[in-house]
**Student:** 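Sharing a structure here in structure tokens format.
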Amino acid sequence: MDRDLKAQNLRDLTAIYGGTLFLIVVVQWSVEEAFKFSLQLGQQALSGAAIASFGGVLSNFLPNRIKHILIYHRLRNVISGYRCRSICLNDPRLLSADLEKKWPSLFFEKMQEKDQNDFWYREIYRTAKNEPEVVQAHRNFLLYRDTASGLSVLLLGLLLWNIVSRVVVVPALSMWSIVTVLVVVLILCQAARQSGDRMVANAVAVAIYR
């Protein structure tokens, strides 16, 4: 499932990486120079494949556990499934009485956070994972997670580049270029977290009335 969704995300993933790289060029040089740069890229037959490969390498460079830590800014009980109870209780589509009746161990007995993800995956997600609203939320989560984590690697590379530029004769990047990437990463992290929460809630919304 993850592999198929990642394949479907390839075009969007490439667009986000390409757009971010273009923003760096705009901030680093100028709009006019950026358009010259993009025109040069457009004249190269392999430019699209190069950007796609760049995005693919970055998105697959890190293990999923590290990606999740980068996205959620947590070290324990990282992904949204660990907060299934609070996410669902805050969803206006779901009534607490229905949740407690359907899954009392999770919602009535107030299962501990560390056990919620396993329960959600085993008892809820597996019964609803092929529903369109769950698949779409899952796809969005993977897209934003992979682009955010990949651009985090790029951000680290830019910071290292500026450090090296202090001791080696290479052109330094503007700090505004680095800030631009940081802002994009933070936005994508937020989008990934929201998509993860939506996937959890959508699976529950589908499964609760089965």
Side-chain angles (χ1 to χ4, degrees), residues 1-24 48 50-88 90-91 113-114 116-122 124-126 128-159 178-207:
M1 173 69 75
D2 281 13
R3 184 174 299 177
D4 292 340
L5 293 178
K6 283 186 176 184
Q8 294 175 30
N9 281 338
L10 181 59
R11 184 179 63 182
D12 293 337
L13 184 146
T14 301
I16 293 174
Y17 279 121
T20 303
L21 293 175
F22 183 75
L23 278 176
I24 295 173
I51 295 175
S53 298
F54 172 76
V57 169
L58 289 185
S59 65
N60 291 295
F61 180 77
L62 299 173
N64 287 342
R65 174 172 172 76
I66 302 301
K67 291 180 184 180
H68 294 156
I69 290 173
L70 289 172
I71 296 304
Y72 286 92
H73 308 154
R74 295 169 62 105
L75 294 177
R76 298 179 58 190
N77 303 335
V78 181
I79 58 178
S80 295
Y82 286 104
R83 288 165 296 286
C84 175
R85 180 161 51 85
S86 61
I87 290 170
C88 293
N90 289 321
D91 192 309
E113 188 176 83
K114 65 182 180 64
Q116 290 182 37
N117 185 65
D118 287 344
F119 183 93
W120 172 80
Y121 181 84
R122 183 180 66 254
I124 301 173
Y125 173 73
R126 290 179 63 182
K129 64 180 180 179
N130 294 321
E131 297 298 326
E133 54 267 55
V134 179
V135 172
Q136 185 58 51
H138 190 186
R139 178 181 175 183
N140 289 342
F141 171 71
L142 293 176
L143 171 65
Y144 298 132
R145 181 200 69 180
D146 288 349
T147 49
S149 56
L151 288 174
S152 295
V153 177
L154 175 62
L155 179 61
L156 177 61
L158 296 179
L159 290 171
I178 295 175
V179 169
T180 297
V181 180
L182 176 61
V183 170
V184 172
V185 168
L186 293 176
I187 292 172
L188 290 171
C189 284
Q190 179 63 25
R193 290 194 294 269
Q194 291 180 345
S195 296
D197 291 356
R198 193 172 299 117
M199 180 173 68
V200 167
N202 285 355
V204 171
V206 169

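Remember, predicted model here, so these are calculated numbers, not experimental data. Only heavy atoms go into these numbers, but all of them, side chains included; no hydrogens, no water, no symmetry mates. By convention here, the first residue in the shown sequence is residue 1.
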**Student:** Between atom OG of Ser80 and atom CD of Gln194, what is the distance when rounded to the nearest 0.5 Å?
**Tutor:**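 Reported value, rounded in 0.5 Å steps: 10.0 Å.
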
**Student:** Any donor-acceptor pair under 3.5 Å linking the side chain of Arg139 with the backbone of Val134?
**Tutor:** no

**Student:** What's the verdict on side-chain contact (heavy atoms from CB on, under 4.5 Å) for Arg74 and Ile69, showing C-alpha distance, side-chain angles and the deciding distance?
**Tutor:** CA-CA 5 Å; Arg74 295 169 62 105; Ile69 290 173; over 6 Å; no

**Student:** Indicate yes or no for a side-chain donor-acceptor contact from Asn202 to the backbone of Glu133 under 3.5 Å, with no hydrogens or angles considered.
**Tutor:**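 The answer is yes, because a donor-acceptor pair under 3.5 Å joins these two groups.
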
**Student:** Enter the distance from Gln190:CD to Ser195:OG here, rounded to the nearest 0.5 Å.
**Tutor:**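 Answer for the CD-OG pair, Gln190 versus Ser195, is 9.5 Å.
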
**Student:** Kindly compute the distance separating CD1 (Ile79) from CD1 (Ile71), expressed to the nearest 0.5 Å.
**Tutor:** 12.5 Å

**Student:** Do Val135 and Lys129 make a side-chain contact, defined as non-hydrogen atoms from C-beta onward lying under 4.5 Å apart?
**Tutor:** no

**Student:** Does atom OH of Tyr121 have more than 12 heavy-atom neighbours from other groups under 6.0 Å away?
**Tutor:**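 Not more than 12 within 6.0 Å, no.
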
**Student:** Fit a plane to each ring of Tyr125 and His138, take the angle between them on a 0 to 90° scale, and name the class: parallel (under 30°), tilted (30 to 60°) or perpendicular (over 60°).
**Tutor:**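 It falls in the perpendicular class, over 60°.
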
**Student:** For Asn117 and Asn77, what are the C-alpha separation, side-chain angles and deciding distance, and is it a side-chain contact (heavy atoms from CB on, under 4.5 Å)?
**Tutor:** CA-CA 8 Å; Asn117 185 65; Asn77 303 335; over 6 Å; no

**Student:** Could you pull out the closest heavy-atom pair between Thr147 and Leu143, with the gap in Å?
**Tutor:** OG1-O, 2.8 Å

**Student:** CD/Gln116 to CZ/Arg83 distance, rounded to the nearest 0.5 angstrom?
**Tutor:**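 Going from the CD atom of Gln116 to the CZ atom of Arg83 covers 9.0 Å.
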
**Student:** Check whether any side-chain heavy atom of Val183 lies under 4.5 Å from a side-chain heavy atom of Val179, and answer yes or no.
**Tutor:**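 Yes, side chains in contact.
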
**Student:** Is any side-chain heavy atom of Leu70 closer than 4.5 Å to one of Leu62?
**Tutor:**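 With C-beta onward as the side chain, the pair touches.
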
**Student:** Looking at every heavy atom in both Phe141 and Ala192, which two are closest together, and how far apart are they?
**Tutor:** CD1-O, 3.3 Å

**Student:** Roughly how far, to the nearest 0.5 Å, is the NE2 atom of His73 from the CG atom of Leu186?
**Tutor:**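 So the CG of Leu186 and the NE2 of His73 are separated by 6.5 Å.
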
**Student:** Work out which heavy atom in Ala128 is nearest to a heavy atom in Ala203; give both atom names and the distance.
**Tutor:**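 In terms of heavy atoms, the two residues are closest at CB-O, 3.8 Å.
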
**Student:** Would you say Arg122 has more than 12 foreign heavy atoms packed within less than 6.0 Å of its CZ?
**Tutor:**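 For Arg122, atom CZ is crowded (more than 12 foreign heavy atoms under 6.0 Å).
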
**Student:** For a side-chain contact (heavy atoms from CB on, under 4.5 Å) check, start with the C-alpha distance between Ser149 and Ile66, then their side-chain angles and the critical distance, and finish with the verdict.
**Tutor:** CA-CA 8 Å; Ser149 56; Ile66 302 301; over 6 Å; no

**Student:** Using side-chain contact (heavy atoms from CB on, under 4.5 Å), reason through Arg145 and Asn64 one step at a time and then give a plain yes or no.
**Tutor:** CA-CA 9 Å; Arg145 181 200 69 180; Asn64 287 342; 3.5 Å; yes

**Student:** Around atom CZ of Arg126, are there more than 12 heavy atoms from other residues, nucleotides or ligands closer than 6.0 Å?
**Tutor:**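 Count not over threshold, so no.
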
**Student:** Which distance, rounded to the nearest 0.5 Å, do you find between the SG of Cys189 and the CZ of Arg193?
**Tutor:** 6.0 Å

